[in-house]
Amino acid sequence: MLDIKLIRDNSEEFEKKLSLRGEGISLKPLKELDAKRRTLLSEVEALKAERNTVSQEVGRLKKEKKDADELVDKMQGVSARIKELDGEVAVIEAELEKHILTIPNTPHESVPVGADESANEVARVIGEKPSFDFSPKEHLDIGESLGIVDMERAGKLAGARFSLLKDEGALLERALINFMLDIHTREHGYTEVLPPFMVKSDCFVGTGQLPKFEDDQFKIEGWDHYLVPTAEVPVTNIHREEVLREEELPICYTAYTPCFRKEAGSYGKDTKGLIRQHQFNKVELVKFCRPEDSYDELEKLTANAEEILKRLGLHYRVVTLCTGDIGFSSAKTYDLEVWLPGQSAYREISSCSNFEDFQARRAKIRYKGKGGGKTRFVHTLNGSGLAAGRTLIAILENYQNADGSVTIPEALRPYTGGLEKIEKKS
RNA sequence: GGAGAGGUGGCCGAGCGGUUGAAGGCAUCUGCCUGCUAAGCAGUUGUAGGGCUUAACCCCUACCGAGGGUUCGAAUCCCUCCCUCUCCGCCA
């Protein structure tokens with residue numbers, strides 16, 4: 001959520017920044033509603049002030065056993081008018097709220113300008129594409145022939161875009177989650193949390209998934225709850241409506257959760273394999289920090305996510321998303337794209353963003369300065385560290401052998417009970 | 001799911017329909033005082049919105065779990081909801 005006070009005085013600047021996203025967003029209706037609201041407020045507040053003083057006078061007169069009927073009569077009218085105006089203010093404020101919640105964040109000045117992903121910039125490339133003396137297969141072929149992925153039965157259980165991992169497949173996914181969590185907690189200083197996997201709608205408004213992206217979410221019928229599409233939602237909202245102390249910042253959490261997404265609007269995309277699922281596992285990184293630190297923290301958080309890929313020996317690149325491609329709530333985003341030899345393509349495996357105070361303003365997450373200074377909004381950040389399902393895909397495709405077996409990356413072996421290779425059962 | 005108790009400021013805790021934004025205590029910060037510490041004395045300390053405004057000061061409005069209602073006036077009365085605690089039931 002943008003700051004209405006800033007918009008009031010700098011609406012052209014805001015419109016210009018928002019236009020970089022490629023959507024023509026006019027702030028005029030917002031400004032009009034704001035002006036209307038303030039006009040009404042000053043009227044109704046003046047009436048309330050009058051009512052307060054007169055009511056005290058009534059109290060005084062009654063105590064002295066004097067007649068106050070005339071004042072009471074008069075105030076009946078005033079109160080009625082106040083009620084009317086309060087109603088109008090409530091309507092305006094609801095509209096204002098509804099409107100401002102659908103306006104995306106403004107991109108940071110360092111974000112490349114462009115309309116779509118073709119304008120994204122590759123910030124760096126790490127490692128090299130592995131070479132094979134055979135034609136590398138796609139992860140689904142590998143997984144099914146090893147008997148560790150069963151898409152047919154997954155379909156029976158839950159339909160398209162769900163998967164069933166078996167045997168070493170299930171083990172590998174579980175190992176990856178633990179591996180990631182251990183590195184982030186033990187080496188990167190994050191505190192592990194295990195949040196609810198379904199949370200109330202307020203949380204979704206707080207991080208920006210609602211009201212605009214309702215169609216992407218799984219709602220629990222008869223409840224105010226939705227299944228989490230990412231741990232970002234519950235974890236960022238841990239501190240919703242709180243005032244933190246400057247000394248405790250930055251606060252860094254890591255969390256494993258399954259993620260549930262309808263994937264509306266992606267029909268026909270990534271229909272085969274495990275790339276795009278309604279449910280997948282992810283380890284997330286979330287930070288709350290001081291505004292002046294947030295861009296440093298974004299670099300650190302991205303590096304923390306990259307470290308997982310490095311330890312697993314996976315080749316990847318870091319992409320700076322352009323103004324037309326960053327998410328609704330984000331001011332700046334780096335995507336990590338891992339190389340998948342079976343598909344001969346880079347695929348997103350992590351997305352690391354600085355939301356500045358956009359989410360903090362929605363979720364009312366503030367902090368108080370050391371010197372007892374005024375409370376300010378924190379900056380929030382998050383990134384995948386990493387998406388476990390896609391990491392599994394990357395391992396299958398990058399560590400496949402000519403005989404159809406898959407070697408387990410060395411860093412992961414403490415987590416697979418020493419298992420070094422997944423081989424076809426006879 | 002059933003029965004009961006309760007939700008008030010940073011914390012504890014009073015609270016009568018009318019100078020209660022809120023007693024009292026603790027804590028905070030600032031002075032004063034004391035050889036130091038402790039104690040003591042005086043004062044200070046919430047959030048949000050709006051007006052004024054460079055800013056500060058100041059003024060107004062709202063906030064006693066949330067939302068409605070009654071009333072000239074609600075922390076106080078009524079209704080609905082949420083949450084916490086205790087007991088019973090059920091359960092991994």
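Please read all numbers here as calculations on a predicted model, not as lab measurements. Hydrogens, waters and symmetry mates play no part in the numbers below; they use all other heavy atoms, side chains included. All chains are named by letter (A, B, ...) in the order of the sequence lines, taking the proteins before the strands, and each is independently numbered beginning at 1.
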A/Glu306/A/Arg311 ion pair, N-O < 4.0 Å: no
May I have the distance from A/Asp86 (atom CG) to B/G69 (atom P), rounded to whole angstrom? 10 Å
Above 12 or not: heavy atoms from other molecules or residues under 6.0 Å from NZ of A/Lys219? yes
Just checking A/Lys74: base, sugar-phosphate only, or nothing, at a heavy-atom cut-off of under 4.0 Å? nothing
Base, sugar-phosphate or nothing for A/Val58? Non-hydrogen atoms, less than 4.0 Å. base
Annotated structure of RNA chain B as dot-bracket, pair cut-off 3.5 Å, Watson-Crick or G-U only, | for inter-strand, is ((((((((.[[[..)..(.....]]](.((((.......)))).)((((((......)))))).[[[[[..)....]]]]])))))))....
Would you say that A/Val199 contacts A/Phe204 through its side chain, given a criterion of any heavy-atom pair below 4.5 Å between the two side chains? yes
Look for any protein N or O under 3.5 Å of an N or O in nucleotides 7-9 of chain B and output each such pair with its distance, or none.
none

Salt bridge between A/Lys74 and A/Glu50, side-chain N to carboxylate O under 4.0 Å? yes
Under 4.0 angstrom, heavy atoms only, what part of the nucleic acid is A/Arg60 near: base, sugar-phosphate, or nothing? nothing
Have a look at A/Gln76 and say if it touches a base, only the backbone sugar-phosphate, or nothing, with a 4.0 Å heavy-atom cut-off. sugar-phosphate
Nearest to the side chain of A/Arg38, heavy atoms from C-beta on, is which of B/G51, B/G18, B/G49? B/G51
Touch class at under 4.0 angstrom, heavy-atom based, for A/Leu71 against every strand present: nothing
Quick one: does A/Glu45 reach the base of B/G49 with a side-chain donor-acceptor pair under 3.5 Å? yes
Between B/A62, B/A48, B/G49, spot the one nearest the side chain of A/Arg51, thanks. B/A62
Upstream residue (5' side of RNA chain B) when A/Ser55 and A/Val72 are each assigned their closest nucleotide: A/Ser55
Quick check: on RNA chain B, is the nucleotide nearest A/Lys48 upstream (toward 5') of the one nearest A/Arg8, or the reverse? Name the residue that is more 5'. A/Arg8
